[in-house]
Amino acid sequence: MKNKLQRIREDFLKQLAEIKDPNFLHELEIKYLSRKGELSELMGGLKDLSVDLKKEVGELANSVKKELQEKFNEASKALNNFSGKNNVVDVTLPGTKLERGHLNPITLVQNELEDIFTSLGFMILDGPELESDYYNFTALNVAPNHPARDMQDTFYVDLKNKDGQYDLLMRTQTSPVQVRAMQKYGAPLKALIPGRCFRNEATDARHEHTFYQVEGMLIGKNINFANLKSFLEIVGQKLFGPSTKLRMRPKFFPFVEPGNNGEYTCFLCQGKGCRVCKNTGWLEIVGAGLIHPDVLRAGGIDPEIYSGLAFGFGLNRLAMLKYNINDVRLFNSGDLKFLEQF
Ligand code: FA5
């Protein structure tokens, strides 16, 4: 019986060493270690032995059983780790659905504007969000201490220049890229400049501290107000439909002369008057005008030879109108319930 025990032990260990598949491991367990396996069967014969032999062989059988069970457990663990039980791919299981990303409503409107203007031969330009006081204000005809600076308070970097002035700020508008573009490319020039802007605002449903604008500029010979009107009309009709009308009303911006606010017939009520347009029938969307001669000069362009037009859309406001969004603060909220609707 001791010999038989020894043989079972050796056979088991030999077969265990060769196993590479968890299924065979299970077969081995049934053959040797289960209730009807060879070891149990052999131990069942102990009752026929003498008391002394029963004690001796019984102890040996128990220690062999313990050893084989431990070896089996070790091998089973190693094999599971190796073959990566967790990595086993059951190709019959349904797959995990991947969430699809999508574009932000601001990006959607920006893309539409870029399409319109690149088809008209405009290039798309970028500019720094951390801007100098010079490009954001002074070069745009807003001298230090000019009252128009109050309209666009912003976040300043806590560093003074050699004259003791705070010189670096988060840009309040995309207009500073006008002068940068003139300096880099000269005239003639056609550019569309989307970008993020910042203002120190008491925020409400229409005002954010961080928002987007799209600047457009065209410089050439004999550029006039009629050109500006036709560009703004094209944008309105493409974004809000072919029956959209444009109304231009005078507005002061120090960097254009003359300056105006562009308003479109309300996309919701078609000019009849409603909640969105506050019953006026018109929506104020864009600041625009003919580029001031001083600004052309700051860009190194001779205003006696060239003239230009410029306009600045509030991109958040365009998206709000197009998608009927009632609070500008939703764009920065990071709320997926809001973002997933577009
Ligand atoms: C400007 O910023 C001028 N640079 C626009 C311009 C460009 C005029 C070229 C002439 C020539 P204004 O401050 O009005 O103008 O801002 C333009 C648009 O930006 C506004 O009509 C509005 O849609 C958007 N905007 C301004 N401030 C905020 C704000 N705090 N939150 C959200 N949108 C804003």
Side-chain angles (χ1 to χ4, degrees), residues 105-106 109-110 113 117 125 127 129 131 135-137 139-142 146-155 169-182 189 191-219 223 225 227-229 231-232 235-236 239 248-264 276 282-296 299 307-322 325-333:
I106 291 184
V109 178
Q110 179 180 329
L113 281 170
F117 280 93
L125 291 184
E129 291 176 356
E131 187 51 281
Y135 282 109
N136 197 78
F137 290 125
L140 293 174
N141 230 3
V142 188
H146 191 297
R149 288 197 176 205
D150 286 352
M151 312 271 288
Q152 299 191 5
D153 188 19
T154 184
F155 306 95
L169 49 86
M170 299 308 289
R171 70 175 175 193
T172 57
Q173 47 189 348
T174 40
S175 301
V177 191
Q178 283 187 33
V179 175
R180 288 183 175 278
M182 291 179 212
L189 182 62
L192 191 78
I193 308 146
R196 196 159 52 154
C197 306
F198 309 82
R199 289 187 194 178
N200 181 11
E201 297 273 16
T203 57
D204 60 28
R206 291 170 63 82
H207 295 88
E208 253 293 19
H209 49 73
T210 304
F211 58 97
Y212 288 81
Q213 287 187 344
V214 172
E215 191 89 2
M217 63 187 294
L218 170 70
I219 296 175
I223 300 299
F225 216 77
N227 301 126
L228 176 63
K229 183 167 180 274
F231 274 116
L232 298 185
V235 173
L239 284 183
M248 297 171 95
R249 303 216 288 179
K251 170 143 190 222
F252 173 70
F253 294 100
F255 36 92
V256 286
E257 181 58 45
N260 77 282
N261 250 335
E263 300 176 7
Y264 294 121
V276 171
W282 297 93
L283 293 167
E284 183 184 312
I285 295 191
V286 56
L290 295 183
I291 301 176
H292 197 287
D294 285 349
V295 177
L296 289 171
S307 51
L309 60 86
F311 50 86
F313 286 95
L315 208 43
N316 299 58
R317 298 255 176 96
L318 280 180
M320 287 170 77
L321 293 172
K322 194 166 168 71
I325 297 165
N326 62 8
D327 196 319
V328 70
R329 291 166 293 192
L330 286 165
F331 291 108
N332 290 341
S333 68

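The basis for the numbers below is simple: all heavy atoms, side chains too, and nothing from hydrogens, waters or symmetry mates. First listed ligand is number 1; within each ligand, the first listed atom is number 1.
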Considering only protein heavy atoms, which is closest to [atom], and at what distance to one decimal place?
{"atom": "atom 4 (N) of ligand 1", "result": "Gln173 OE1, 2.7 Å"}
{"atom": "atom 22 (C) of ligand 1", "result": "Arg317 NH1, 3.2 Å"}
{"atom": "atom 16 (O) of ligand 1", "result": "Gln213 NE2, 3.3 Å"}
{"atom": "atom 15 (O) of ligand 1", "result": "Phe253 CE2, 3.4 Å"}

For this session: First locate atom CZ of Phe137, then atom CD of Gln173, and finally report the distance between them rounded to the nearest 0.5 Å.
Result: 6.5 Å

Exercise. By side chain to side chain contact (heavy atoms under 4.5 Å, CB included), which residues pair with Asp204, not counting sequence neighbours?
Worked result: Arg206, His207

Exercise. By side chain to side chain contact (heavy atoms under 4.5 Å, CB included), which residues pair with His209, not counting sequence neighbours?
Worked result: Phe155, Thr203, Asn332

For this session: Compute the shortest N/O to N/O distance between Glu208 and ligand 1 and return yes if it is under 3.5 Å, no if not.
Result: yes

For this session: For Gly127 and Arg171, work out which heavy atoms get closest and say how close.
Result: O-NH1, 3.4 Å

Seminar exercise, completed: If you compare Met151, Glu201, Arg199 by their heavy atoms, the one closest to atom 13 (O) of ligand 1 turns out to be Arg199

For this session: Compare Phe211, Phe198, Phe311 and give the one whose heavy atom is closest to atom 32 (C) of ligand 1.
Result: Phe211

For this session: Just jot down the ligand 1 atoms closer than 4.0 angstrom to any heavy atom of Ala288, in number order.
Result: 8 (C), 10 (C), 11 (C)

